[in-house]
Peer 1: 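Take this structure first; my questions come after.
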Amino acid sequence: MDKSVISVLLLCFVQVITVYSQSCSIVGMEQEPLIILPTIPIGPPATLQTYNMANTNSIVNITNNAVSGRIFINADYNAVAQALTIYTTEEFPNYAQYESSVTILVTISFSCATSTRDITFSQPLLESNDHHPEFLQPIYEIRIPLPIPANFDLTLFQEIAARDIDIGQNQVTFSADSEYVTVGTSQRQDSKTYYATMTTKTQILTITHSIAFEITATDIGGLTAVVPVYIDSDGENIFLIRPVFEQVLYTGTLNEDLSLVMPPIFLDTDTYDEETVVFSLRGEDSDFFVISNNLNLITLTLREPLSEEDIEDKNFLQFQVIATRPGIEEGAAVVFIDLMKVCPEVTTMEPPTTLEPTTCPPPVECPTTVSTDEPGSTPEPTTAAPPPDPELCPDPEGPIFQDDFYTFRIFYGQMGVIGIVRASHPEHPSESIEYSLNIKDDVLVDQISVDEVNGEVRIVDQLMVGVYGFEVFATILVDDERKTGRALVTLIVESNEKCSPTPVDMSLMVRRLEENAEHDIMSSQIEQCQFQVLGFIPNDQDYFYIDNQRLKSINFDREADIFADMAIPQFQVSLKLECPENHRRKRSILSRLLNNQRDIDVKDYVYTNDIPHASTITVLNVIIEDVNDNKPEITYPTASDGFIFGYPEPSLADKLMLSHALQVVAIDRDVGVNALIKFGLYETNSHFTIDSTSGIIYPKRNALASSSVANLRVIATDRPEDEGTLNGGNVNIAIHRLSAENIAVVTVDDVSLENAEEVRESILNVDDGKILILHSTTIPGHQDSRNRQITDTVVMKFLVYGFSNERLLEIRQIEQRMNDVSEKYQARTSPLEDILLTPGEEEDITGYIVGLACLGAVVLALIIGAFWGWWKWIRPYEYKTMENESVVSDDNGLNSDFDKKAVIDGDIPEPIRLSETYNDPERQSPALYPNIESSSVETLEPRDEVRSESPPNNKERRKSFVTFNEDVERIEIVTEIPADTQSDSEKEVNYKF
């Protein structure tokens, strides 16, 4: 290899080594791109690690991997010491409040000698369970519509959630002990928030008192929280009970003259409502009759007289009376009318057949077969009794049944013995009787049999839900002659929730579907059965349909007018589950009509609050979820309002103290976060700004000082990506500078409260121009001094300005356009100067203000000085005197031998001077002590001797008066009577102050 090439390669290698050696690095960890720090618990701010750095100038940037964007771990670099310190910040103790990760990644960008380098530090956190779950509400009060079906999720009305801020692996489960509600844990989880499920155990028809219970939230560490839950009815829906007849079967007869004998039919009074219950007849034989109702007295009469031809092929008439109430499952009673024919037509029965147990199609569970066989034994074949000969007729001398009419009620799927019919002959009670059936339905004859010996009626094949009628005969041989008796049998087959030809999983389902999209909602098939759409509301289009055994929907718009009156836009779809019948089963005309369900018009909708209690009906409630598909629409200002406005020049605006120029209003037809509108200016303006939330346009400092007009383009957006663009709503606004010559004051006196808004509208809607209100105020009317009541009128004042052809109007022009308002409401228009102060007036007022302020200061100083003097001198003396009062003697301190009468009469010695008084030694100044014996005062310091004054003689009686000042607290009279020097009249009285 050429030496020059080798030299170049060596030079490059040296250069690379040199550059790399100058890269930022931690001493001892030069090659580590990720440094893992020791695990720490969440706690107060502290220093984590300190490293020595090499070739490092400074820190350029620090980032944390926090979802909240907060900095929990920071770093400082000391360039002099080349030391890197990593520490937790003031946010770190609250880490669990915002984050879930158990590792904090800190990336530090360093400025190196020749380049930059990023080093990442990983800080593992110690997982701990030291926080209790906390419910989002202190109490949950849920109001639900009634009735509510079983297995209904009540969280549709109120979500119940708890938050647990522990980091790491965590889970919150919910539980409760309630007779009505099952509480569980939802799979839904939002960050640290966990949600509960709450489904009804049974159908709730009514709530008399609140359903109250407590839900417990337990986290993975066993810490718990409890919240009370109260469930009440919303009061808007009342459960209507299904109409119930007093009897299941009503019987009547048709006499020989074909007249009807039929007792009245009644509904149970608790289920009858004259206004809502409607009666009707159902069945082929019902065509012969009409029904009438008079206060729950239902009467059946013949529609027209019958003829023998009408009932030629009938032995009895059977139909149903139906009572319906809107939105409620119907009630029914069976009517059986015996035609009392002498010779009923008897059909020939098929040969005896062997009966085998029949079950419902799997996996449906059927009720236990009713049977009289012993457990574990094999059912013996039962043969149908041969029918009577056609020529035989019921004989009055034949066997007599215990009942003329038998009624048996069974559930769908029930097999085996369903009842027993008994007959006997009064004259031959020991003779054996043979039983047989007369069934005209060629399908039903294979499904029902009777034991010819014991009269057990048995179901041998599955019957569909409905009402069946047939005859049973009892035959006996008397003197080799057959005698036959007859009875009528009604068999009612009711639906069974566990074993039904049309089972549904839920009577109410809720789906949340987004708008503006087609949806594949659910399968329309359950086993061999298929859902059919009965109807839905709103129904202006065919929104829902069945396709390839799937229930689907077309596009729908949540903001369409069809949902305008709904608090929560939704569809309510009524579905019926229908199952195919056995094709070999050929129903007779009578049987088909007896079980015929009334045709359901697509307009017979089912509302969520009126769920029919039937096993074949499901109500699908489709709640439409909002998609952000609507842009904000600016509703003010609009073209009809105009886009030009005014705002006073800066000096005038300061005097008027206006808060803002105007407010832009926008709406969004979406809801929730999709309807949050953010306002902004498309371009920055030097005169005005806009509040992003309220749309209020505020003036900046010195707005319109340098320009006569400011043009703004206001935008309203509901998406972050649209901010600063014109993708949302926008409007161009021009704000003109107003001077005092452009603003007028409009005053309207004595405006009644009901006309206040009318006055305002009249000002805004003048002819030949546009008047805008800059500011307005309403002042209550004058007070009546006689009854001291405020009148119901107000005084309204408006600051207005106007435009004509986009040019500002002057006060004179404004006054001309206000003529109609002035005539109608006696309004006055005046210049703005009338309410503004002139400069001279401002100075005068300023002088008054300064003078009042000085006077107030002087008064305040005097009050403070007086208080200080009282506190300093007077208050201590008062309290000290009260604390050291001397003992008071009897009779207010007078000695027992003191001549009180003389004192009262005014014969009192001349009072001594205050300087000669003495006080208690404890109160006396240290330099002053009294000498009681000489009745004088001695001091420690030299002072002039006090002259003594001779007391008045006995003849000269004069009254002595004592004058007191404010320092006198009490008076003590002390007397000294030397026996050898003073007489009774020469008593000296000292007054003590």
Peer 1: Check whether any side-chain heavy atom of Y77 lies under 4.5 Å from a side-chain heavy atom of T56, and answer yes or no.
Peer 2: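 In contact.
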Peer 1: Checking side-chain contact (heavy atoms from CB on, under 4.5 Å) for the pair V183/S178: CA distance, chi angles, key distance, verdict?
Peer 2: CA-CA 8 Å; V183 175; S178 173; over 6 Å; no
Peer 1: Please tell me if the side chains of D718 and K631 come closer than 4.5 Å, counting only heavy atoms from C-beta onward.
Peer 2: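 Heavy-atom side-chain distance check fails, nothing below 4.5 Å.
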Peer 1: Would a 4.5 Å heavy-atom cut-off, applied to side chains only, mark L154 and T200 as touching?
Peer 2: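 They are in contact (side-chain heavy atoms under 4.5 Å apart), so the answer is yes.
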Peer 1: For residues Y647 and P699, report the shortest heavy-atom separation together with the two atoms involved.
Peer 2: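 Y647 and P699 have their closest heavy atoms at OH-CG, 3.1 Å.
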Peer 1: How about I623: does its CD1 atom have over 12 heavy atoms from other parts shown lying under 6.0 Å from it?
Peer 2: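 Yes, CD1 of I623 has more than 12 neighbouring heavy atoms, counting only those of other groups under 6.0 Å.
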Peer 1: Please verify the inter-ring angle class for Y543 with F571; under 30° counts as parallel, over 60° as perpendicular, anything in between as tilted.
Peer 2: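 Tilted.
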Peer 1: Please report the interatomic distance NE2(H660) to CD1(I697), rounded to the nearest 0.5 Å.
Peer 2: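 Here the rounded value is 9.5 Å.
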Peer 1: Does F213 CZ have over 12 foreign heavy atoms under 6.0 Å away?
Peer 2: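 Count over threshold, so yes.
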Peer 1: Any side-chain donor paired with an acceptor under 3.5 Å for D668 and N630?
Peer 2: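 Absent: no donor and acceptor within the cut-off.
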Peer 1: Would you say that F174 contacts Y194 through its side chain, given a criterion of any heavy-atom pair below 4.5 Å between the two side chains?
Peer 2: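 A side-chain contact exists here, since the closest heavy-atom pair is under 4.5 Å.
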Peer 1: Taking CG in L860 as the centre, count heavy atoms belonging to other residues, nucleotides or ligands within less than 6.0 Å. Is the count above 12?
Peer 2: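 Count over threshold, so yes.
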Peer 1: Taking all non-hydrogen atoms of both residues into account, name the closest pair between V27 and A54 and its distance.
Peer 2: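 Heavy atoms of V27 and A54 come nearest at CG2-CB, 4.4 Å.
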Peer 1: Side chain to side chain donor-acceptor pair (under 3.5 Å) with T197: which residues, sequence neighbours excluded?
Peer 2: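 With sequence neighbours excluded, T197 shows a side chain to side chain donor-acceptor pair (under 3.5 Å) to no residue whatsoever.
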Peer 1: What is the distance from atom CD of E625 to atom CZ of R558, rounded to the nearest 0.5 Å?
Peer 2: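 These two atoms lie 9.5 Å from each other.
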Peer 1: Just so I know, are the side chains of I634 and V664 near enough to count as touching, which here means a heavy-atom distance under 4.5 Å?
Peer 2: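 Sidechains of V664 and I634: in contact.
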Peer 1: So, D654 versus S651: side-chain donor-acceptor pair below 3.5 Å or not?
Peer 2: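 Absent: no donor and acceptor within the cut-off.
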Peer 1: Taking all non-hydrogen atoms of both residues, which atom of L620 and which atom of R511 are closest, and how far apart?
Peer 2: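 So the two residues come closest at CD1-CG, 3.7 Å.
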Peer 1: So, D76 and T85: side-chain donor and acceptor under 3.5 Å apart, yes or no?
Peer 2: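 D76 vs T85: no donor-acceptor pair found between side chains.
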Peer 1: Taking all non-hydrogen atoms of both residues into account, name the closest pair between L126 and P41 and its distance.
Peer 2: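 Heavy-atom minimum between the residues: CB-CA, 3.9 Å.
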Peer 1: Indicate yes or no for a side-chain donor-acceptor contact from H687 to the backbone of S706 under 3.5 Å, with no hydrogens or angles considered.
Peer 2: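 Such a contact is absent between H687 side chain and S706 backbone.
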Peer 1: Going through the checks in order, is the side chain to side chain donor-acceptor pair (under 3.5 Å) test met by E99 and S68?
Peer 2: CA-CA 7 Å; E99 306 295 329; S68 62; 2.6 Å; yes
Peer 1: Taking T103's backbone N and O only, do any of them form a donor-acceptor pair with Q123's side chain (distance below 3.5 Å, no angle check)?
Peer 2: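 No; judged by distance alone, with no hydrogens or angles, the pair does not exist.
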Peer 1: For a 4.5 angstrom cut-off between non-hydrogen side-chain atoms, does L48 reach T88?
Peer 2: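 Yes, side chains in contact.
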Peer 1: Just checking Q82: does its CD atom have more than 12 heavy atoms from other residues, nucleotides or ligands closer to it than 6.0 angstrom?
Peer 2: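 More than 12 within 6.0 Å, yes.
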Peer 1: Just wondering, more than 12 heavy atoms not from D177 lying within 6.0 Å of its CG?
Peer 2: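 Not more than 12 within 6.0 Å, no.
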Peer 1: Just by modelled atom types, is the C112 backbone N or O under 3.5 Å from a matching donor or acceptor in the N57 side chain?
Peer 2: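 Yes; at least one donor-acceptor contact below 3.5 Å.
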Peer 1: List the atom of A217, the atom of F135, and the distance in Å for their closest heavy-atom pair.
Peer 2: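 Shortest heavy-atom contact: CB-CZ, 3.5 Å.
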Peer 1: Would you compute the distance between atom CG of D118 and atom OG1 of T63 and round it to the nearest 0.5 angstrom?
Peer 2: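 The CG atom of D118 sits 8.0 Å away from the OG1 atom of T63.
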Peer 1: Atom CZ of F643 and atom CD1 of I733: how far apart are they, to the nearest 0.5 Å?
Peer 2: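 Atom-to-atom, F643:CZ and I733:CD1 are 8.0 Å apart.
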Peer 1: So how far is it from I119 CD1 to L84 CG, rounded to the nearest 0.5 Å?
Peer 2: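 Interatomic distance, I119 CD1 to L84 CG, rounded to 0.5 Å: 8.0 Å.
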Peer 1: Give a yes or no on whether the backbone of T182 and the side-chain of K201 come within a donor-acceptor separation of less than 3.5 Å.
Peer 2: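 The answer is no, because no donor-acceptor pair under 3.5 Å joins these two groups.
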Peer 1: If only atom types and distance count, is the side chain of R550 paired as donor or acceptor with the main-chain N or O of D520 below 3.5 Å?
Peer 2: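 Not at all, since once roles are kept as given, no pair shorter than 3.5 Å links the two residues.
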Peer 1: Let me confirm one number: the OG1-CD1 distance from T693 to I690, rounded to the nearest 0.5 Å.
Peer 2: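 Atom-to-atom, T693:OG1 and I690:CD1 are 10.5 Å apart.
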Peer 1: Heavy-atom distance under 4.5 Å between the side chains of E559 and P569, does that happen here?
Peer 2: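 Of all side-chain heavy-atom pairs linking P569 with E559, none is under 4.5 Å.
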Peer 1: Step through the shown structure and confirm whether more than 12 heavy atoms of other residues, nucleotides or ligands are within 6.0 Å of CD on E806.
Peer 2: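 No, because the 6.0 Å sphere around CD of E806 holds 12 heavy atoms or fewer from other groups.
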Peer 1: D232 vs E141, test: side-chain contact (heavy atoms from CB on, under 4.5 Å). Steps then yes/no.
Peer 2: CA-CA 8 Å; D232 287 292; E141 295 179 340; 6.0 Å; no
Peer 1: Is any side-chain heavy atom of F645 closer than 4.5 Å to a side-chain heavy atom of P637?
Peer 2: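 Touching, per the 4.5 Å side-chain cut-off.
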Peer 1: Of the non-hydrogen atoms in E159 and Y140, which two are nearest, and what is the gap between them?
Peer 2: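 Closest pair (atom of E159, atom of Y140, distance): O-CE2, 3.4 Å.
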Peer 1: Is it the case that atom CD in E134 sees more than 12 heavy atoms from other parts of the structure closer than 6.0 Å?
Peer 2: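 Counting neighbours around CD of E134, 12 or fewer heavy atoms of other residues, nucleotides or ligands fall under 6.0 Å, so no.
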Peer 1: Can you tell me if K678 has over 12 outside heavy atoms packed within less than 6.0 Å of its NZ?
Peer 2: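 Not buried by this count: 12 neighbours or fewer within 6.0 Å.
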Peer 1: Would you please test R512 and L156 for side-chain contact (heavy atoms from CB on, under 4.5 Å) and show each step?
Peer 2: CA-CA 11 Å; R512 294 179 177 270; L156 174 68; 3.5 Å; yes
Peer 1: Let me see the working for I104 and F92 under side-chain contact (heavy atoms from CB on, under 4.5 Å), right down to the final yes or no.
Peer 2: CA-CA 11 Å; I104 302 177; F92 184 67; 4.0 Å; yes
